[in-house]
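As the structure is a computational prediction, the values presented were derived from the model and not from experiment.
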Amino acid sequence: SVESSIMKTHPSVSSSRRKSRKAHFSAPSHLRYRLMSATLSTDLRKKHGIRALPIRKDDEVEVMCGNHKQHKGKVTQVYRKRWCIYIERLSNTKANGATIRIPIHPSNCRLTKLKLTKDRNDLIEAKRAGRAENKGKVAAQDIN
C-alpha cells in the first residue's frame, strides 16, 4: 500500500475523499449556510478584518468566475438545497419569452456590500476575535 503524503491530523475524523464528499453534498441546511460562503472585497476585508462570510439575501455581490464574470447585483435568493444563489438582473430569456434566473455558486462570487444585522455583526466580531488570537509569529516554546 502507498502511504499518502498528507498526515492525518485528527484521529476521529475521516480523511477519506469519498466520505468527505458524501458529508459535503448531503449536509443539512444549517451546515450548508456556512459552506455557502463568499470572500469579501478588499475594502470590506480591511474594514471588518475577516476574509469570508456566509452569503445572505440582500447582500451585493460581484461574480468572479464563469460566463457571467464581473456581473454585479443584489442577491435575491440563497437556495441552499441547490447550492446556489440568484442575483438580480442575471437571467436568460427562453424562446417562448419566459425568463429564467441563472444560478451561481457563492464560491464564484465576491461580497461587495453587506446587509448588516445584529446577528451578523456578532458573527463578524467573533470571526475577527478568532483571527486576532492566531496572528503573529510562532515561538519555538509554543510548538511543544
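- A pairwise comparison of heavy atoms in C109 and M64 identifies C-CG, 4.0 Å as the closest pair.
- Applying the 6.0 Å contact sphere to CZ of R45 captures more than 12 heavy atoms from other residues, nucleotides or ligands.
- Note on L31: it does not cluster hydrophobically with I85, by side-chain heavy-atom contacts below 4.5 Å among ILVMFWY residues.
- Atoms CD and NZ, from Q70 and K72 in turn, are 7.0 Å apart once rounded to the nearest 0.5 Å.
- The side-chain contact (heavy atoms from CB on, under 4.5 Å) test with H71 singles out one residue from V61, I87, I102, I104, and that residue is I87.
- One distance of note links CD1 of I124 with CG of D119; it measures 11.0 Å at 0.5 Å rounding.
- Looking only at atom types and distance, the side chain of D43 has a donor-acceptor partner in the side chain of S41 under 3.5 Å away.
- Each of L114, T117, V75 was compared with R56 under the side-chain contact (heavy atoms from CB on, under 4.5 Å) criterion, and only T117 meets it.
- Hydrophobic clustering (side-chain heavy atoms under 4.5 Å, transitive across Ile, Leu, Val, Met, Phe, Trp, Tyr) groups Y33 together with I50.
- Atom OG of residue S20 and atom CZ of residue R18 lie 11.5 Å apart, to the nearest 0.5 angstrom.
- Applying the 6.0 Å contact sphere to CZ of R51 captures no more than 12 heavy atoms from other residues, nucleotides or ligands.
- L90 is connected to M36 through a chain of hydrophobic side-chain contacts under 4.5 Å among Ile, Leu, Val, Met, Phe, Trp and Tyr, so both are in one cluster.
- Without hydrogens or angle criteria, R120 side chain to K115 main chain gives a donor-acceptor distance under 3.5 Å.
- If you chain together hydrophobic residues whose side chains sit under 4.5 Å apart, F25 and V13 never meet in one group.
- One N or O on the side chain of K127 and one on the backbone of A52 form a donor-acceptor pair closer than 3.5 Å.
- Atom CD of E125 is separated from atom NE2 of H48 by 10.0 Å, given to the nearest 0.5 angstrom.
- In terms of heavy-atom proximity, C84 sits nearest to P106 at CA-CD, 4.4 Å.
- Atom OG of S16 sits about 11.0 Å away from atom CZ of R21, to the nearest 0.5 Å.
- What you find for A38 and L111 is that their closest heavy atoms are O-CD1, 3.8 Å.
- For the pair L53/L44, no side-chain contact is recorded, criterion being any heavy-atom separation below 4.5 Å from C-beta on.
- Looking only at distances, no side-chain donor or acceptor of R101 sits under 3.5 Å from a matching main-chain atom of Y86.
- Taking the six-membered ring where tryptophan is involved, the planes of H105 and W83 are essentially parallel, since the angle between them stays under 30° and well short of 60°.
- Looking at R110, its side chain never comes within 3.5 Å of a backbone N or O of E62 through a donor-acceptor pair.
- One distance of note links NE2 of H68 with CG of N92; it measures 6.0 Å at 0.5 Å rounding.
- Residues P54 and L123 are in side-chain contact: their nearest non-hydrogen atoms beyond the backbone lie under 4.5 Å apart.
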